[in-house]
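Let me begin by presenting the structure, written as structure tokens, before commenting on it.
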Amino acid sequence: MAVRTAQKTPAERLLEVLGPVDRFHDRTELGDFGMPARAFMEDILEPVARGGPSSRMGPLEKVHAFWFAGMSCDGCTVSVTGAQAPSVESLVLGAHPGLPRVVLHHPVVNVESGPSYMRAHEMAISGELEGPYVIILEGSISDETRAIETGGYWSGQGEEPWGPDGELRTVSTDEWIARLAPNAAASIAIGTCATWGGVPAADGNPTGAMSMMDFLGKDYRSAFGVPVVNVPGCAPIGDNFTETVAAILYFLQGFGPLPEFDELGRPAWLFGETVHRHCVRGAYYEEGSYADEFGDPECLVEIGCWGPVVNCNITSRGAINHVGGCMNAGGACIGCTMPGFPDKFTPFYKRPPGSLVSTAASRLLGSFVRPLRRYTNDHLNREVRWDLNKEVPSGWSRESSAPTMVQEVGHKFYDRMRRSSDTGRSSGEVWGKREEWTYEHNPEREATQEQIDLAVTDRGKPTNKES
Amino acid sequence: MCFKNLPIEFDQSGRAHLREGIRDPYSVTVTKPRVERTDAEREAEIQHLMAANGHIKDINMDPVTRVAGALAVNITADLEQGRYLDARSQATLFRGYEVILMGRDPRDAIFVSSRACGVCGGVHAHASAYAIEMAMGLAPPPLGTVVRNMQEAAEMGYDNPLHLYLLAGPDYSEAVIKQVNPELWPKAERWSCPNHRHHGMKTMAEIMTALNPLTGALYREGLEFTRLSREMFVILAGKYPHPQTVVPGGVSSTVSLQTLNEYHSKLGRIFDYAQRMMGVWDDLAEFFFEADERYRQVGARPMNVVDPGYWDDPYAYDATYENCNDWGERRWSTPGVVVDGKLVTTRLTDINTGWEEFVEHSYYEEWAGDRYDTDQLGNPLSPYHPWNKRTLPSPTGKNWKEKYTWACTPRWDRTAVEAGAYARLQMTALAQKLPNNPFVEATGHSLRMHIPKGITPEAEVEWHVPEVWNAFERNRGRAYHYVFSQLVGLANLLEAYKLMKQGEKTVAAVSAGDLDRHMPKDERRSVGWWGAGRGWLTHHLVMDQGKIVNYQICTPSTINASPRDPWDQPGPYEEAVMNTPIIEDISDPSKFTSIDMLRTIRSFDPCMPCTTHVDTGQGTVVREVNTCSCGAD
């Protein structure tokens with residue numbers, strides 16, 4: 001455990017202003033208000049979601065997950081509804097071997113509303129909740145101490161009788177986070193707002209917006225001893241989040257390895273590479289070919305792509321269900337997974353200054369590599385027999401499709417190099433194989449046509465004669 | 001002509017001007033709408049009832065779940081008479097996006113403003129691009145507009161089922177009906193579905209069971225289809241929410257034949273599902289209306305509706321304000337305003353001229369700007385118009401008589417209008433200005449749609465403009481809007497194939513490198529009129545010396561979630577709740593769940609994240625967004 005720094009965290013300062021709480025809504029007075037199913041979501045789903053020991057494969061039967069939308073656009077929620085690996089419904093219904101059921105308290109999902117929706121949150125604060133809980137934040141944290149001074153709030157979720165004299169007051173998202181984080185099994189920030197600050201914290205930010213880490217401080221550790229876990233992206237890939245949650249649960253159930261997080265709390269196996277390394281257009285960069293107009297198929301660096309210096313996996317994972325991905329579709333990377341987003345990437349549609357050096361270098365290299373590749377590619381686009389016949393049988397081909405003499409010599413030389421260590425060319429006798437006759441492969445005719453010998457060898461068919 | 005409150009008249013060429021001889025015509029005390037009931041009268045009735053019976057309940061539903069974003073609704077309910085006496089809609093979040101945009105390079109606006117809403121995760125980027133390209137004078141090439149239309153059709157393909165099955169559906173599910181409307185369940189078990197052959201469910205009880213949250217077949221299928229449509233979206237836009245291929249003057253999507261074919265293959269799977277969706281929501285409405293006529297009153301409000309249109313004609317749209325009435329009326333969904341059920345205009349300039357936003361009951365300081373008296377064509381503008389607006393956020397305590405929400409109060413002609421996806425159907429049906437096409441036909445009172453066959457045979461369906469917008473008609477309208485949007489997607493896909501056949505490849509007006517050269521140095525005003533899953537969306541932009549000096553977003557949920565206006569007219573949510581009878585059994589007051597109010601609110605498909613505001617950098621905040629109809633600000 002790190003040594004505590006002397007300075008108070010914003011969360012501590014907020015709680016100091018607000019003071020402790022000890023009372024909650026009066027359940028009797030509320031009755032069924034906001035409870036159209038007259039039951040909590042957890043109870044409605046339990047018959048389906050509860051698994052036996054052989055399904056859950058570990059000690060956890062259920063985990064509560066409190067989802068807070070702070071200063072968010074709900075885009076992270078939307079992304080997570082698109083996840084498939086695993087899907088949110090699988091998590092909530094405990095529908096994969098090894099998954100405990102995740103009792104999700106999410107404003108966009110739950111059947112209960114109003115004070116009844118806040119009931120489980122109250123129980124978590126008062127320690128009455130059964131089972132461990134995690135808190136998940138999408139959206140930035142606002143600086144509520146500023147709004148409190150004038151009697152208001154920036155970002156509220158629910159009311160509690162926490163005013164002086166027990167009157168109802170709007171409870172800010174930040175207050176929930178500050179009260180719930182210390183006893184949470186884990187605190188997870190999803191999306192660039194919650195992980196780093198994001199757009200609400202960009203230059204001109206009027207609300208004092210900040211990230212969950214900024215709010216809870218460097219010394220924050222969850223009840224399980226874990227700092228804030230960060231799954232960035234604006235919006236993040238839904239699978240990155242659900243997979244991270246699942247990986248943590250698999251570890252807790254005892255069969256998964258300890259998930260590795262990098263120095264910023266990102267899942268290291270998802271954010272360890274730059275997005276450029278898996279980019280479908282990356283090879284254009286290597287060959288020095290760059291998109292000039294919007295919509296061009298080449299590398300997008302010169303129309304404002306920051307991919308080579310941005311940690312993200314969208315080019316390998318796609319946006320949803322392995323479909324899409326920014327550069328795959330023609331979108332330049334604007335660094336939306338990064339702590340520097342957006343202010344270190346603007347103005348958009350403008351090439352990153354650092355690319356001047358690298359694109360000049362790759363243009364030079366590309367001017368050599370591209371023709372060589374085209375040369376070999378031409379050769380590989382011809383069946384061996386077509387080389388022999390000096391004709392491509394395709395009705396689509398142009399008349400000039402036959403290689404020139406120079407090309408042919410070059411291609412032969414290339415093939416020699418390729419086969420230089422091919423042990424199929426050794427002198428071992430192939431005694432298990434009989435020479436078969438086909439119209440084109442006639443051993444008698446072959447004996448008189450040396451050219452064919454050579455060709456057959458090049459096709460990789462063993463013959464009795466060493467070529 | 002179209003204005004009955006604002007003193008605006010038209011000359012013979014259709015140019016608007018202010019009626020002469022009125023001093024201070026935009027003052028809220030000079031030009032007043034006719035108001036049925038003031039808050040004082042409402043309050044007096046409540047006090048009277050309180051004294052007469054002890055069954056008045058004043059309670060805040062905070063948060064309202066299963067809506068996008070942060071919304072609370074305070075109700076005063078008379079549990080003896082079964083009425084909602086009062087309702088106060090509160091947006092409980094402010095973020096300050098417009099503030100953040102002010103003072104930036106306009107090239108930042110598309111990707112920054114997109115983050116106003118992740119539920120309507122693509123529409124803000126497009127609205128912003130419309131605003132910027134109008135200011136810069138960049139008209140997209142036809143393929144650019146067609147690709148935008150395809151993206152946005154796909155976005156609606158995700159948005160509508162998300163609302164109908166994840167957000168609204170559970171209110172009509174077995175889990176809820178058995179508890180709050182137990183009298184309906186035996187009837188539901190016996191009731192044979194007229195649309196059985198379209199959705200495969202024999203009885204209403206089967207539909208209701210399939211609507212159960214998470215475990216129901218329709219809920220889960222709805223979720224799957226939101227994913228399919230998002231796949232179509234990201235083929236063209238990279239990711240969702242927050243597309244990465246929207247640029248000023250077009251798109252940066254790389255459109256290959258594979259792109260179009262993949263979109264086609266996925267779109268082809270949707271039409272069977274669309275028929276099932278319409279069948280389900282038709283049957284639900286009929287079942288409830290048949291069971292109890294009072295359900296026609298749930299969520300009902302006067303038929304005052306607004307929409308700026310959606311999906312442009314690639315050959316008409318030229319990104320100019322000057323020609324906006326021409327290209328506006330050629331949109332796939334016609335712009336328009338309906339007042340008391342009548343279509344009063346289809347001109348974008350009229351919509352713009354009548355637009356005002358008030359903050360009497362919102363956590364902002366009041367303001368009135370006089371920077372612009374008229375638009376670029378000389379039509380008069382109010383000091384409360386977005387181009388004149390400043391946002392001065394000021395979080396204070398909640399007080400119904402003063403301030404109680406972060407949403408502001410947009411009004412057209414000082415009338416409380418409503419926004420919604422279904423507004424598109426209504427305007428388009430009434431206006432009869434649809435582009436020539438084989439799929440959709442407007443009759444003046446309905447839309448006839450020809451749905452291609454999938455596994456289900458092809459079908460012709462007809463959506464009729466309802467007599468009143470209530471909770472069930474809104475949901476039914478959304479189900480028909482789903483198929484409408486997908487047919488627009490199909491028509492635009494065919495146009496993309498055609499353009500490809502002609503060798504057309506250009507998707508943007510200028511290259512990235514040329515944006516610098518096209519940046520105007522003088523002062524420019526512009527507006528992006530667009531739509532969201534919930535209807536209306538506008539971005540109003542003012543730029544000067546290549547810099548954003550004002551940015552104002554108005555979202556459909558800002559409109560619908562708005563609080564009282566300066567004349568005590570309630571916002572659409574508030575008014576709809578006050579018109580809603582309490583039908584659930586409240587003989588035991590402790591059993592009151594408020595489901596009828598929840599059904600009302602959710603039928604609007606609230607989306608609150610888009611809300612917000614701006615900062616001038618000198619300590620003042622200039623107004624910015626309102627939100628995406630997301631509501632609030």
Side-chain angles (χ1 to χ4, degrees), chain A residues 31-38 44-45 48 71 73-75 78 82 89 92-93 107-108 110-111 113-114 117 147 150-159 199-200 202 204-207 234-235 292-295 297 303-304 319-321 323-326 329-331 334 342 346-349, chain B residues 59-66 68-69 92-96 99-100 105 107-108 111-112 115 117-119 121 170 175-176 179-180 213-215 227 230-231 234-239 241-242 244-245 247 252-254 363 395-397 507-508 511-512 515 590-595 609 615 621:
Chain A
D32 284 350
F33 183 67
M35 293 273 280
R38 303 197 204 286
I44 298 172
L45 296 180
V48 177
M71 305 180 79
C73 69
D74 279 19
V78 166
E89 60 269 33
V92 171
L93 297 177
V108 172
N110 282 43
V111 172
S113 273
Y117 173 70
T150 51
Y153 62 86
W154 296 116
S155 163
Q157 183 176 304
E159 292 180 323
V199 170
N205 152 27
T207 58
C234 188
D292 182 25
E293 302 291 333
F294 290 124
I303 65 171
I320 176 168
N321 219 4
V323 182
C326 306
I334 57 168
T346 56
F348 302 125
Y349 314 113
Chain B
I59 190 165
N60 203 6
M61 189 74 87
D62 182 3
V64 175
T65 57
R66 296 207 330 279
T92 61
L93 167 68
F94 171 85
R95 286 172 305 168
V99 179
I100 290 166
D105 187 312
R107 282 175 291 185
D108 295 359
F111 295 139
V112 169
R115 273 71 187 171
C117 190
V119 181
V176 166
Q179 295 299 326
V180 294
L214 287 145
T215 55
R227 292 170 182 151
R230 279 182 273 182
E231 288 173 17
V234 302
I235 290 168
L236 293 164
K239 76 199 227 300
H242 310 322
Q244 207 49 57
T245 60
V247 308
S252 70
S253 313
T254 303
Y363 298 131
T396 53
V507 289
S511 66
L515 282 174
S590 75
K591 294 288 187 192
F592 171 58
T593 66
S594 207
I595 182 70
D615 189 283
V621 176

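So that the names make sense, note that chain A is the first sequence line, chain B the second, and so on, each numbered from 1. What you are looking at is a predicted structure, and each value in this text was computed from that prediction instead of being measured. The figures here come from the full heavy-atom set of this structure, side chains too, leaving out hydrogens, waters and symmetry mates.
Among A/G331, A/S113, A/A235, the residue making the largest number of heavy-atom pairs under 4.5 Å with chain B is A/S113. Annotation: maximal heavy-atom pairing with chain B below 4.5 Å, among A/G34, A/P107, A/G324, occurs at A/P107. Of the residues considered (A/G31, A/G75, A/P342, A/P297), A/G75 shows the highest number of contacts with chain B, using heavy-atom pairs under 4.5 Å. Ranked by non-hydrogen atom pairs under 4.5 Å with chain A, the options B/H242, B/M61, B/K239 are led by B/M61. The residue among B/D105, B/I235, B/V247, B/T245 with the most heavy atom pairs within less than 4.5 Å of chain A is B/V247. Comparing A/A37, A/G114, A/A147 by heavy-atom pairs within less than 4.5 Å of chain B, the highest count is held by A/G114. Listed options A/E159, A/M35, A/Q157 were ranked by heavy-atom pairs under 4.5 angstrom with chain B; first place goes to A/E159. No other option in B/G121, B/S594, B/G397, B/A508 has as many heavy-atom pairs under 4.5 Å with chain A as B/G397.
With a 4.5 Å cut-off on non-hydrogen atoms, A/V48 touches chain B through its side chain but not through its backbone. Contact annotation for B/F592: both backbone and side-chain heavy atoms come within less than 4.5 Å of a heavy atom of chain A. Interface residue A/I303: backbone and side-chain heavy atoms are both found under 4.5 Å from chain B. Looking at B/A237, the atoms closer than 4.5 Å to chain A (heavy atoms on both sides) all sit in the backbone: N, CA, C or O. In this structure, chain B has a heavy atom under 4.5 Å from the side chain of A/V92, while its backbone stays farther away. The contact between B/L214 and chain A is made by backbone and side chain atoms together, counting heavy-atom distances below 4.5 Å.
Between B/R107 and A/T346, the closest side-chain pair of non-hydrogen atoms is not below 4.5 Å.
The minimum heavy-atom distance between A/P36 and B/V180, with the atom names listed, is O-CG1, 3.1 Å. Considering all non-hydrogen atoms of both residues, A/V78 and B/P241 come closest at CG1-CD, 4.1 Å. Among all heavy-atom pairs drawn from B/G238 and A/A329, the shortest one is N-CB, 3.3 Å. B/R230 and A/I320 get closest at one heavy-atom pair: CB-CD1, 3.9 Å. Of all heavy-atom pairs spanning A/F294 and B/V507, the tightest one is O-CG2, 3.4 Å.
Rounding to the nearest 0.5 Å gives a distance of 9.5 Å between OG of A/S155 and CZ of B/R95. Separation of atoms CG (B/L93) and OG1 (A/T207) is listed at 9.0 Å; rounding is to 0.5 Å. Expressed to the nearest 0.5 Å, how far OH of A/Y349 lies from CG of B/D108 amounts to 9.0 Å. Rounding to the nearest 0.5 angstrom, the gap separating the CG atom in A/N110 from the OG1 atom in B/T65 is 6.5 Å. Of the inter-residue distances, the one linking B/Q244 atom CD with A/I334 atom CD1 reads 4.0 Å to the nearest 0.5 angstrom.
Judged purely by atom type and a 3.5 angstrom limit, A/D32 has no side-chain atom pairing as donor or acceptor with the backbone of B/T593. Between the side chain of B/R115 and the main chain of A/P200, no donor-acceptor pair closer than 3.5 Å is present. Side chain of B/S252 to main chain of A/G330: a donor-acceptor pair is present (N/O by atom type, distance under 3.5 Å, no hydrogens or angles).
Neither side chain, B/T396 nor A/T150, offers a donor N or O lying under 3.5 Å from an acceptor on the other.
Applying the salt bridge (Lys or Arg N to Asp or Glu O under 4.0 Å) test to A/E89 and every residue at least two apart in sequence or in another chain returns B/R227. With sequence neighbours excluded, the residues satisfying ring-ring contact (aromatic ring centres under 6.0 Å, His included) with A/F348 are B/F111.
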